[in-house]
2 protein chains.
Amino acid sequence: MARRSEHTREQLRDLMLEAAEQLIVDKGLAGLSARAIARQIGYTPGTIYLVFANLDELILHVNARTLDRLRVPMQAAVAATDDPEQQLLGAARAYADFARSHPNLWRACFEHRLPEDVAGPDFIDARIAQLVELIMAPLARVSGAEGAALDAAAQSLWSGVHGVCILTLTGKLHMVGGQATEHLTDDLVTHYLAGLVMRAAPADAR
Amino acid sequence: MARRSEHTREQLRDLMLEAAEQLIVDKGLAGLSARAIARQIGYTPGTIYLVFANLDELILHVNARTLDRLRVPMQAAVAATDDPEQQLLGAARAYADFARSHPNLWRACFEHRLPEDVAGPDFIDARIAQLVELIMAPLARVSGAEGAALDAAAQSLWSGVHGVCILTLTGKLHMVGGQATEHLTDDLVTHYLAGLVMRAAPADAR
DNA sequence: GCGCGATGGTGAACGGCGTTCATTATCGGC
DNA sequence: GCCGATAATGAACGCCGTTCACCATCGCGC
């Protein structure tokens with residue numbers, strides 16, 4: 001017992017994040033435990049606390065990685081065209097697609113709850129802000145909105161897409177005529193955008 | 001030990017649901033435990049399993065109650081006016097208001113996860129369907145939609161409002177210019193409806 | 001070549017959890 | 001007044017997150 005320097009702190013950190021990620025992918029947040037991570041990487045639970053303050057912090061870092069990975073396809077969707085409406089549709093579809101392909105990782109980002117009195121760390125907030133900012137420019141272009149109105153549009157649209165993903169992926173919406181995630185995100189985005197554009201430049205005023 | 005018939009099964013059931021509800025209200029789903037419920041009602045944990053199959057089932061029944069209570073103000077909002085757009089706005093506001101006044105109960109309905117392989121019970125699905133159905137009639141009136149298109153509209157609109165509530169209430173949206181829940185629901189509903197109506201009867205066709 | 005201080009890592013322990021079940025105290029009916 | 005049925009217990013099992021005294025190992029100074 002008591003090996004020395006088998007891995008550096010950094011290596012250990014990566015091993016733990018990797019193992020935790022795999023556990024979440026396989027069995028969801030509920031399947032994650034300090035003991036399971038330790039077992040997976042051949043250490044004891046105590047070692048985890050040499051690297052992270054507690055399990056919550058470890059999970060937050062897994063989530064940060066997930067949010068980074070989620071940004072890639074969304075960014076690609078925005079870069080794929082110059083039509084701002086298509087950019088927004090693409091981003092929403094990329095979001096929904098990521099959520100559907102990595103349900104447990106994606107859900108971990110939003111289901112994980114810190115203790116009542118602890119605030120989320122900046123490195124998570126910043127990554128969420130990055131995602132919302134991705135859609136700001138196209139949204140400004142289609143709607144002509146700016147300032148607080150633009151902020152509101154970005155937040156409500158993004159939240160809306162998020163809501164569709166959550167409810168369809170957790171099976172809380174499979175009632176009569178339950179619809180596919182993609183279909184509903186498209187419906188939400190196109191109608192919201194149409195309404196937003198109309199409000200900005202009403203047909204009556206043409 | 002081993003008191004007999006101090007309460008009937010029904011009374012015991014209600015005591016447990018009441019105690020569980022209070023625990024969730026006070027400390028969230030995470031603060032709920034079989035031992036805490038038992039302590040609260042003066043029984044031992046084992047007794048719970050004479051009434052419910054397991055804690056999950058008990059939580060599902062608390063959630064069913066919560067959904068029933070949520071329906072009341074939404075129904076009232078729909079009954080308060082004849083203008084379908086105002087009915088929809090009112091229902092959304094009622095939803096957001098309920099979520100904000102009973103955050104822990106409301107969140108319990110959506111954060112509680114059954115084991116991977118267990119399907120949600122009908123008595124929850126039915127109550128969610130009831131909520132969505134509340135907005136079907138007004139939505140049909142404003143948009144003229146019917147059939148699958150109407151289903152899709154109801155689901156994406158409701159999911160969207162839900163998403164706004166989740167992200168604002170869990171503090172996952174307090175970035176630059178973070179907006180109030182009510183403001184964002186109004187924004188989402190009005191713009192979505194405007195877009196939906198326009199699509200149904202475009203201004204160009206007038 | 002050797003001892004020693006620093007330290008990475010351990011593993012046992014604490015108090016919690018959900019759940020099960022043999023056991024017991026109490027009841028209604030005979 | 002007994003007896004079978006049963007409501008409720010509480011101890012037990014195997015988990016959990018987290019802490020910490022301890023020790024095996026390393027690199028350094030001699």
Side-chain angles (χ1 to χ4, degrees), chain A residues 1-17 19-24 26-63 108 111-118, chain B residues 1-17 19-24 26-63 108 111-118:
Chain A
M1 52 195 97
R3 302 163 294 177
R4 191 186 173 83
S5 299
E6 196 128 307
H7 300 97
T8 68
R9 272 292 127 96
E10 273 311 305
Q11 287 177 319
L12 217 41
R13 204 186 101 104
D14 285 349
L15 278 175
M16 287 171 186
L17 290 178
E21 191 174 298
Q22 200 52 56
L23 284 165
I24 293 176
D26 289 346
K27 309 192 261 180
L29 249 194
L32 190 71
S33 78
R35 285 172 162 89
I37 296 172
R39 219 177 297 133
Q40 197 112 130
I41 63 175
Y43 281 79
T44 55
T47 307
I48 292 175
Y49 295 85
L50 300 178
V51 181
F52 297 98
N54 50 50
L55 257 206
D56 280 337
E57 195 192 295
L58 188 156
I59 293 171
L60 285 171
H61 280 97
V62 173
N63 287 347
E111 285 180 358
H112 176 240
R113 252 186 107 164
L114 262 352
E116 201 85 40
D117 47 355
V118 182
Chain B
M1 54 195 94
R3 303 161 297 178
R4 192 186 173 82
S5 300
E6 196 129 306
H7 301 99
T8 68
R9 270 294 125 96
E10 272 312 306
Q11 286 176 319
L12 217 42
R13 203 186 102 104
D14 284 350
L15 277 176
M16 287 172 186
L17 289 179
E21 193 174 295
Q22 200 51 57
L23 285 166
I24 293 176
D26 289 344
K27 310 193 261 180
L29 249 195
L32 190 71
S33 77
R35 285 173 163 88
I37 297 172
R39 219 175 297 134
Q40 197 112 129
I41 64 174
Y43 280 79
T44 55
T47 306
I48 293 175
Y49 295 85
L50 300 177
V51 180
F52 297 98
N54 50 49
L55 257 205
D56 280 337
E57 194 192 295
L58 188 155
I59 293 170
L60 286 170
H61 280 97
V62 173
N63 287 346
E111 285 179 357
H112 177 239
R113 252 187 106 165
L114 263 351
E116 201 85 42
D117 46 355
V118 182

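To find a chain, count down the sequence lines: A is the first, B the second, and so on, and within it residues start at 1.
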Starting at CD of B:Glu10 and ending at P of D:dA7, how long is that distance when rounded to a whole Å?
14 Å

Whole-Å distance separating the CZ atom of A:Arg35 from the P atom of D:dT18
11 Å

Search all heavy atoms of B:Ile48 against all heavy atoms of B:Ala34 and return the closest pair with its distance.
CD1-O, 3.3 Å

Without decimals, in angstroms, what is the distance between A:His112 NE2 and D:dG17 C1'?
12 Å

If you only use heavy atoms from C-beta on, which nucleotide in C:dT20, D:dT9, C:dC17 is closest to the side chain of B:Ser33?
C:dC17

Could you give the CZ-to-C1' distance, from A:Arg39 to C:dT10, as a whole number of Å?
16 Å

Touch check for A:Leu58, heavy atoms < 4.0 angstrom, all strands: base, sugar-phosphate only, or nothing?
nothing

Write down the distance between CD1 (B:Ile48) and P (C:dT20), rounded to a whole number of angstrom.
12 Å

Let me know the distance between CG of B:Leu55 and P of C:dC17, rounded to the nearest Å.
10 Å

Side chain proximity check, A:Leu15 to A:Gln40, heavy atoms < 4.5 angstrom:
no

Looking at C:dG8, I'd like to know if its phosphate oxygens (OP1 or OP2) sit under 4.0 Å from a side-chain N or O belonging to A:Arg9.
yes

Non-hydrogen side-chain atoms of A:Leu50 and A:Leu12 separated by less than 4.5 Å:
no

Sidechain-backbone polar pair: A:Asn54 side chain, A:Glu57 backbone, donor-acceptor under 3.5 Å
yes

Which of C:dT19, D:dT18, C:dG9 is nearest the side chain of A:Leu12? It is C:dG9

Expressed in angstrom and rounded to an integer, what is the separation of A:Phe52 atom CZ from C:dG8 atom C1'?
16 Å

Give the rounded distance in Å between these two atoms: CG of A:Leu29 and C1' of D:dG17.
15 Å

Can you check whether B:Thr47 has a side-chain N or O nearer than 4.0 Å to OP1 or OP2 of D:dA7?
no

Qualifying side chain to side chain donor-acceptor pair (under 3.5 Å) pairs, either residue in residues 26-38 of chain A, two or more places apart
A:Gln22-A:Asp26

Among the nucleotides D:dG17, C:dT10, C:dT19, which one has an atom lying closest to any side-chain atom of A:Tyr49?
D:dG17

So what does B:Leu50 hit on the nucleic acid, given a heavy-atom distance under 4.0 Å: a base, only sugar-phosphate, or nothing?
base

